[in-house]
Number of protein chains: 2
Amino acid sequence: MDNEKVKELEFSLSMERFIQAELLLLLKQKPSHGYELIQRLNDSEFKSAEVDAATVYRNLRRMDKEGMIKSQWEVGESGPGRRLYKLTAQGEEHLIVWAQYIVQQKIKLENFLAAYLRFNQ
Amino acid sequence: MDNEKVKELEFSLSMERFIQAELLLLLKQKPSHGYELIQRLNDSEFKSAEVDAATVYRNLRRMDKEGMIKSQWEVGESGPGRRLYKLTAQGEEHLIVWAQYIVQQKIKLENFLAAYLRFNQ
DNA sequence: AATACTATATGCATGTTGCAAATAGTTGAG
DNA sequence: CTCAACTATTTGCAACATGCATATAGTATT
């Protein structure tokens, strides 16, 4: 476990940018564009509330700039142009860090719930 | 499960105010003041990084104002004055909602990890 | 021509955090 | 006695992420 990198995430994030992890995973499964990712997010098992489109587009642009994903403008046969995103090698590594971080967060929640239940019975 | 109330939390929080849940639980276990709560948080099983004092004090004041906890100024035999916090009935209810919310978040993380592992093997 | 759907981007107010710094009483070391 | 360290709380500020609303624009349907 690369605890150093998990620490880096810990530093600036709580659970806020969880959407990034979701997007990276979806893009690992298959390249996609923003609009489609929004639909896939709303279908996926790991969603809670309806996602906000602006948040998705903004996070995609950020990850693009940071090199985790790369985009390519597509003028399809129909509909407006769209930006097709693909996961990069760097993004794949980042997803691993995310997974480690999420494991830790899950443990944290479990510890909380254990303490909560222990005290409630 | 009171999904309406869990929804309310969902609305404005991601995982940011998780510290509130931790504080409510600690105060349910026993009344405490801010400085002590910081130490208890750093000892507790459900902590991740070192907690920031300002964040603790601010959240305590907020929850005080909102009626989830109530404070009482104490001039001890030694050391500077301190604010002793106790959990209120309303706070106890709120903690239940938090626990429900945390269960949901935990499931969300598990679903993510399941999808991640499924795709990685 | 009007409406709906696909598709992306941006502005703005709001809320939370971390760090730093201010304040202040108490205790212990030299 | 004085300086440092510890207990204890508060406030200011910049940074950041989000949600909602809005703008833009191409395409398809009625």
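Side chains included, hydrogens not; waters and symmetry mates left out as well; all remaining heavy atoms used.
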Establish, with yes or no, whether the OP1 or OP2 oxygen of D/dA8 is under 4.0 angstrom from a side-chain nitrogen or oxygen of B/R82. yes

Distance, rounded to the nearest Å, where [X] contributes [atom1] and [N] contributes [atom2]:
| X | N | atom1 | atom2 | answer |
| --- | --- | --- | --- | --- |
| A/R40 | C/dT6 | CZ | C1' | 17 Å |
| A/D64 | C/dT8 | CG | P | 12 Å |
| A/D52 | C/dA7 | CG | C1' | 15 Å |
| A/L84 | C/dT8 | CG | C1' | 14 Å |
| A/I38 | C/dA7 | CD1 | C1' | 9 Å |
| A/Q72 | C/dT8 | CD | C1' | 17 Å |
| B/E50 | C/dC19 | CD | P | 11 Å |
| A/E74 | D/dG26 | CD | P | 18 Å |

Between A/S71 (side chain) and A/R83 (backbone), is there a donor-acceptor pair under 3.5 Å? no

Main chain of B/L60, side chain of B/D64: is a donor-acceptor contact present, judged purely on distance under 3.5 Å? no

Residues from residues 53-63 of chain B lying under 4.0 Å of DNA chain D - heavy atoms: B/A54, B/Y57, B/R58, B/R61

Do the rings of B/H94 and B/W98 sit parallel, tilted or perpendicular, given the 30° and 60° boundaries? perpendicular

Considering all heavy atoms, the nearest B/L95-B/A21 contact: CD1-O, 3.9 Å

When every non-hydrogen atom of B/L87 is compared with those of B/M68, the smallest separation belongs to CD1-O, 3.7 Å

Regarding the side chain of A/Y35, the nearest nucleotide among C/dT6, D/dG19, C/dG18 is C/dT6

Tell me every residue that passes salt bridge (Lys or Arg N to Asp or Glu O under 4.0 Å) with B/K30, counting only those two or more places apart in sequence or in another chain. B/E36

